[in-house]
Amino acid sequence: MTQFNKVLWTLGRQIEDEIKPYLDNFLECEFERKDNIYDVLDFHDEDKKTIVEVKGRTCDSTTWKETIITCNKITEGLMMMETGWTIYYFFVFRDKTMYFKLDPNNCDFTMKLTGTRHIPHFLIPVDFLIEFDPN
């Protein structure tokens, strides 16, 4: 059984809280979090049917050629898209924030067993991401 890592969860929550006002402004949404630690995707705007997943990183955007995300986060996003939702993934690196909008026709990412628990992750090429300008 996987142990809950409260230190990483708290850091992730802090990163999410810091970027949320910028996401609200950028996507013209009023995102809410359901406060369930087991929710697959972070922020939802029910009225605009937009979801954002935020992944904090402890390295610069240039450290690796790819960044990882658990496969279930992409799969969940694709399932939500089938019911009319728009999905974004934001990666908050130390030096900048980058993102992509999920496109079912352009998400054929390489899968690898990796990460802390060696579970399936997609490798997202950093050069695939768009730099986020919070202004």
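Values in this document were obtained by computation on a predicted structure and should not be read as measured data.
Side-chain contact check for Asp17 versus Arg13: some heavy-atom pair is nearer than 4.5 Å.
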Worksheet item: Checking ring pair (Phe, Tyr, Trp, His ring centres under 6.0 Å) for the pair Phe91/Phe132: CA distance, chi angles, key distance, verdict?
Response: CA-CA 9 Å; Phe91 298 88; Phe132 176 60; over 10 Å; no
Practice prompt. Test Val52 against Ile87 for side-chain contact (heavy atoms from CB on, under 4.5 Å), laying out the working first.
Written response: CA-CA 6 Å; Val52 171; Ile87 316 297; over 6 Å; no
Discussion item. Evaluate Ile124 against Leu129 for side-chain contact (heavy atoms from CB on, under 4.5 Å), listing each step before the verdict.
Written reply: CA-CA 8 Å; Ile124 311 297; Leu129 303 173; 3.8 Å; yes
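Atom CG of residue Asp127 and atom CD of residue Glu66 lie 9.0 Å apart, to the nearest 0.5 angstrom. Atom CG of residue Asp103 and atom CG of residue Leu78 lie 9.5 Å apart, to the nearest 0.5 angstrom. The NZ atom of Lys49 lies 11.5 Å from the CG atom of Asp45; values are rounded to the nearest 0.5 Å. With values rounded to the nearest 0.5 angstrom, Ile51 atom CD1 is found 11.0 Å from Lys73 atom NZ. Distance check, rounded to the nearest 0.5 Å: OG1 of Thr67 to NZ of Lys55 gives 9.0 Å.
Phe43 and Ile15 fall within the same hydrophobic cluster, defined by Ile, Leu, Val, Met, Phe, Trp and Tyr side-chain heavy atoms under 4.5 Å apart, directly or through other members. The hydrophobic clustering, which links ILVMFWY residues whose side-chain heavy atoms are closer than 4.5 Å, places Tyr89 and Met80 together. Note on Leu41: it clusters hydrophobically with Phe109, by side-chain heavy-atom contacts below 4.5 Å among ILVMFWY residues. Both Ile19 and Phe31 sit in one connected hydrophobic cluster of ILVMFWY residues. Membership requires side-chain heavy atoms under 4.5 Å apart, directly or through other members. Residues Leu123 and Phe100 do not share a hydrophobic cluster, defined by chaining ILVMFWY side chains whose heavy atoms lie under 4.5 Å apart.
Residues Cys107 and Leu102 come closest through the heavy atom pair CB-CD1, 4.1 Å. When all heavy atoms of Val126 and Met98 are compared, the closest pair comes out as O-CE, 3.8 Å. Across every non-hydrogen atom of Thr63 and Cys59, the tightest pair is OG1-CB, 3.6 Å.
Listed by chain and residue number, nothing satisfies the ring pair (Phe, Tyr, Trp, His ring centres under 6.0 Å) test with Tyr22 (two or more places apart in sequence, or in another chain). Here Glu32 pairs with nothing under the side chain to side chain donor-acceptor pair (under 3.5 Å) rule; sequence neighbours left out. Scanning for salt bridge (Lys or Arg N to Asp or Glu O under 4.0 Å) contacts around Glu46 gives Lys34, with sequence neighbours left out. For Met111, the side chain to side chain contact (heavy atoms under 4.5 Å, CB included) partners at least two apart in sequence or on another chain are Cys71, Pro120, Phe122. A search for side chain to side chain donor-acceptor pair (under 3.5 Å) contacts involving Thr97 returns nothing, not counting sequence neighbours. The side chain to side chain contact (heavy atoms under 4.5 Å, CB included) search around Lys65 returns none, not counting sequence neighbours. Under the side chain to side chain donor-acceptor pair (under 3.5 Å) criterion, Thr70 pairs with Asn72, sequence neighbours left out. Remark: Lys96 pairs with Glu131 by the salt bridge (Lys or Arg N to Asp or Glu O under 4.0 Å) rule, at least two apart or across chains. The salt bridge (Lys or Arg N to Asp or Glu O under 4.0 Å) search around Glu16 returns Arg33, not counting sequence neighbours. Partners of Thr86 by side chain to side chain donor-acceptor pair (under 3.5 Å), not counting sequence neighbours: none found. For Ile130, the side chain to side chain contact (heavy atoms under 4.5 Å, CB included) partners are Tyr99, not counting sequence neighbours. Residues satisfying the side chain to side chain contact (heavy atoms under 4.5 Å, CB included) criterion with Asn135, sequence neighbours excluded, are Asp133.
In summary, the side chains of Arg94 and Thr58 do not present any donor paired with an acceptor at a separation below 3.5 Å, with no hydrogens or angles considered.
Atom NZ of Lys48 sits in a crowded spot, with more than 12 heavy atoms from other residues, nucleotides or ligands closer than 6.0 Å. Open room surrounds CD on Glu30; 12 or fewer heavy atoms of other groups in view lie less than 6.0 Å from it.
For His121 (side chain) and Thr114 (main-chain N/O), a donor-acceptor pair under 3.5 Å exists by modelled atom type. The closest donor-acceptor contact from the side chain of Asp95 to the backbone of Asp60 lies at 3.5 Å or more, if one exists at all.
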